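A note on names: the letters A, B, ... follow the listed sequences, proteins ahead of strands, and every chain is numbered from 1. Values in this document were obtained by computation on a predicted structure and should not be read as measured data.
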Amino acid sequence: MREVEQVPQLTAGWEDKASALTPEEGFLLSRIDGRTPWGTLRSIAGLPEERVDDCLEAWLRDGLIQLIESRKIVAVPVGELAVDSGLELPVEVQQRALEVERLLDGSYHELLGVNRDSDARSIKRSYFKLSRDFHPDRYFGRDVGPFGDLLDRIFKQVALAYELLMDPITRTELERSMSSAPSAPRVQNGQPQKFSKREWLARMRQQFKLPEEVLAERRLRARQLAESAQVAEHQCNWKEAGSCIRLAIAFDPWCDAYKQQFAAIQVEVNRLRAEELLREASGAWDSHSLSQALKLYEEVLHYRPADAEATDRAAQLCCELEEFDRAFEFAALACELQPEAAAYHLTRGRILRRNGRRERAVEALMTAQNLDPQDTRIRDELKKARQSPTRARGGKR
Amino acid sequence: MSRVIGIDLGTTNSCVAVIDGGKPVVIPNAGGYKTTPSMFAIAQDGKRLVGHLAKRQAITNAENTVFASKRLIGRRFDSEEVSRSAQLAPFSIVRGPNDDPRIDIEGKSFTCPEVAAIILREMKHVAEEYLGEPVTDAVLTVPAHFNDTQRQCTKDAGKIAGLNVLRIINEPTAAALAYGIGREVEEKIAVYDLGGGTFDISVVELGDGVVEVLATSGNTFLGGEDFDRLLVEHLLKEFESQEGIELGTDPMALQRLKDAAEKAKCDLSAMQTTEVNLPFIANDANGPRHLNLSIDRETLEGLVTDVLGQTLGCVDACLMDAGLTVEDVDHVVLVGGQTRMPLVQELVSEHFGQRPHRGVNPDEVVAVGACIQGSVLTENGGDVLLLDVTPLSLGIATFDGHFATLISRNSTVPVVKSHIFTTTRDQQEAVKIRVMQGEGEQAVENDLLGEFILNNIPRARKGEPEIEVAFDIDANGIVSVSARDLATQSEQSITVSARGTLSEEELEQIMVEHAEFELPKEK
Ligand SMILES: Nc1ncnc2c1ncn2[C@@H]1O[C@H](COP(=O)(O)OP(=O)(O)OP(=O)(O)O)[C@@H](O)[C@H]1O
Ligand SMILES: [Mg+2]
């Protein structure tokens, strides 16, 4: 077993020895920059750890890479803090501070006590809560002994975590690295890193700091991959195209053209995915799994937010499931997207009727009828609506 | 611990508040007014006068009456702001030994922190009279866009006045705190503060007992004084074209005009037209002349629209920094006397697409916020926590004269940020770290806060050493900077004790002098 701190570096003539690498291996290779330790490579390569170990061992044998000493930096001893009831700081707060101290070296998510599904609001809530507990102003002028430092450190780190998680860009980056490395260490050399968003992104990019020849090689590799992606595109093999271009970006993250190509491919991939989902959704509806169908339509809308038909379907499904508020929202949206479509006004009218809003239902259905006077469904629905009782009393007619 | 007062040291008016019986109370001065003019004068008989007493004799003693000195504090004598102030000030502004502006009246030279101290001491007296006990602890407010030097000068002023300044907070933040206390809702508010000398805009988020400043922006040299100046210039021109006499050189005439212009400006907030009558304003071979002009609201509005446009530019910049648009703002709170002008209210309503919130007193709310923060700090008041930001970016000068930001403006404090730098010459053994504050891309456009040298860098080719520079701002706004060579771990650091315009010795000496002054009480 290798020491995780050892740092692999590409050897001088590595290009000659790097024959036929698989894309995954290429990606791993692109991550070797003479700075990133073995242990980190294990977690950022997107490969099983054993595969990483095997590859690196093999390359080491072939003289593709060599190991260099990591510049090890001695951690500043934090000093063991202990709860002290003599301080003007409630013992519970001291205990909480010590608990949070352990989280300082973990992920930002853990520190804030949130997870990947947490929305901005709950992130803010926990940030506010932690601030109320640990902001130095809470203990202004009081004797908090050595805890003063700790409180200060906690607050600063919490504020940084909040900043990074509230920004969609940094949050995505963070969560992406989490998925390839569930326990990606954020601690380097025993000291938590203290970077702003911008520096942090710069850091991410810095991993590719390599000599010019190597960079040229990489760019070439990236270009080849982008070409393969194009070929795959022509064959409408979008999955293949997607993974090729993704690798190209890994090799040459500075080229915007690849990112555009990736975006274009992504559009296609999304389109395919949406179509697949649509098929599944109507299948689910046919087999009466209504809530499943609704979920699928919602997912479709995620990819195609302006799809009026899918919106209308979602509205109908919500109505069947008696979730009238949401039903109405979807229906209104569908009408907004395609105001000329009688069918969508029909859906809206039906939802309103079933929710006991007779007058508005009649109004919507009249709109529908004006748009398509021949449609018998609309006529029937209108009749029903006129006869229906209203939930809130007070219809004029 | 004795009670903590909050003082809003304004350009035109100052105000003091304290928590009394669990509630913030704005303290009236001996004359019964809740605000006191930020004016200081030396009368013919050598007596020192402050507040209303100074204001009352300003016209007959124009050369020895100081007003709006907040516009000078912490600036360099050569700055544009100082020369603009000097153009219209009837008192004389001279260059001090530290290149700071000083005020010469009655043959004595006063530094700006001293003048501020005289006003602060008056506010301290007002509080002591009311409370019947001595007061030393205070929270002071400054415009959000004040830089470190201006803040430090204000702190020095507090010291000279015999106050223990617990904290300096930003005026719009204080207003937000006063507005937000006890409100149980989550909302985002914009505080638009147009006072006598400065303009500030802050966007603040309230909720869960936290007041979080999202962003702040402003102009420390834009306020009611500029409105007055524009109106004075207008009146001068009118008078000159009617009578062929230039009034600009006569201090007494200028002071009368300024006074009349301010009054006319305030009148026009309620009326459509007003008269400016100044009999015997000048004299020439043909005998005495009287100034008698009528002004309507449109004329005044025409004069100030440009200035007001600038404030809206700041608003947009601030919203952008906060990552918000006007639609995200739930309420707009107006602060500062100048927001009483109808045009200001109209422009703000139009810009935000909503009527501004009424219900805070624009003259008092800042002092109230300051005293709330005082009680939060000392009683560890469980109700509310203020998360304030640093208004200006901090960074270092790079070798090619650029400014590299380390802590960007609107970062919540306390904060720590670090970045790796390297050498620019082969075999370089030392680097100079110049710590700066400001928004300019070029280092020279920004203020230098301090500098130090990191040496003992192991000899290497340029670009190889890695030097980590860390910036730290603590809750009191104290900046410290450390630089560490990652290879050798050799480290240098400094606390950038923000420098005011007074040296330590000068400050000591002035404190001794001022301790002896007992000011006459306001009648
Ligand atoms: N009714 C009014 N209409 C127009 N302007 C007014 C009115 N009342 C006061 N002002 C102006 O408001 C300004 C003073 O406002 P305020 O007292 O809020 O300023 P300040 O707090 O002393 O200054 P700053 O906060 O800029 O340091 C003066 O220029 C004054 O002329
Ligand atoms: Mg003010």
Atom pair [atom1] ([X]) and [atom2] ([Y]), whose distance is rounded to the nearest 0.5 Å:
X	Y	atom1	atom2	answer
Arg167(B)	Asp137(A)	CZ	CG	4.0 Å
Phe155(A)	Leu387(B)	CZ	CG	5.0 Å
Leu377(B)	Arg138(A)	CG	CZ	10.5 Å

message: Applying salt bridge (charged side-chain N to carboxylate O under 4.0 Å, His left out), can you list everything that pairs with Asp472(B), at least two apart in sequence or on another chain?
response: Lys156(A)
query: What residues, two or more places apart in sequence or in another chain, satisfy salt bridge (charged side-chain N to carboxylate O under 4.0 Å, His left out) together with Arg102(A)?
result: none
Got more than 12 heavy atoms from elsewhere within 6.0 Å of [atom1], [X]?
X	atom1	value
Asp325(A)	CG	no
Glu441(B)	CD	no
Arg461(B)	CZ	no

- prompt: Do Asp208(B) and Arg132(A) have side chains that get closer than 4.5 Å, going by heavy atoms?
  reply: yes
statement: Ordered numerically, the heavy-atom neighbours of chain B under 4.5 Å found in residues 123-131 of chain A are Lys124(A), Arg125(A), Tyr127(A), Phe128(A), Ser131(A)
message: According to side chain to side chain contact (heavy atoms under 4.5 Å, CB included), who are the partners of Met320(B), at least two apart in sequence or on a separate chain?
response: none
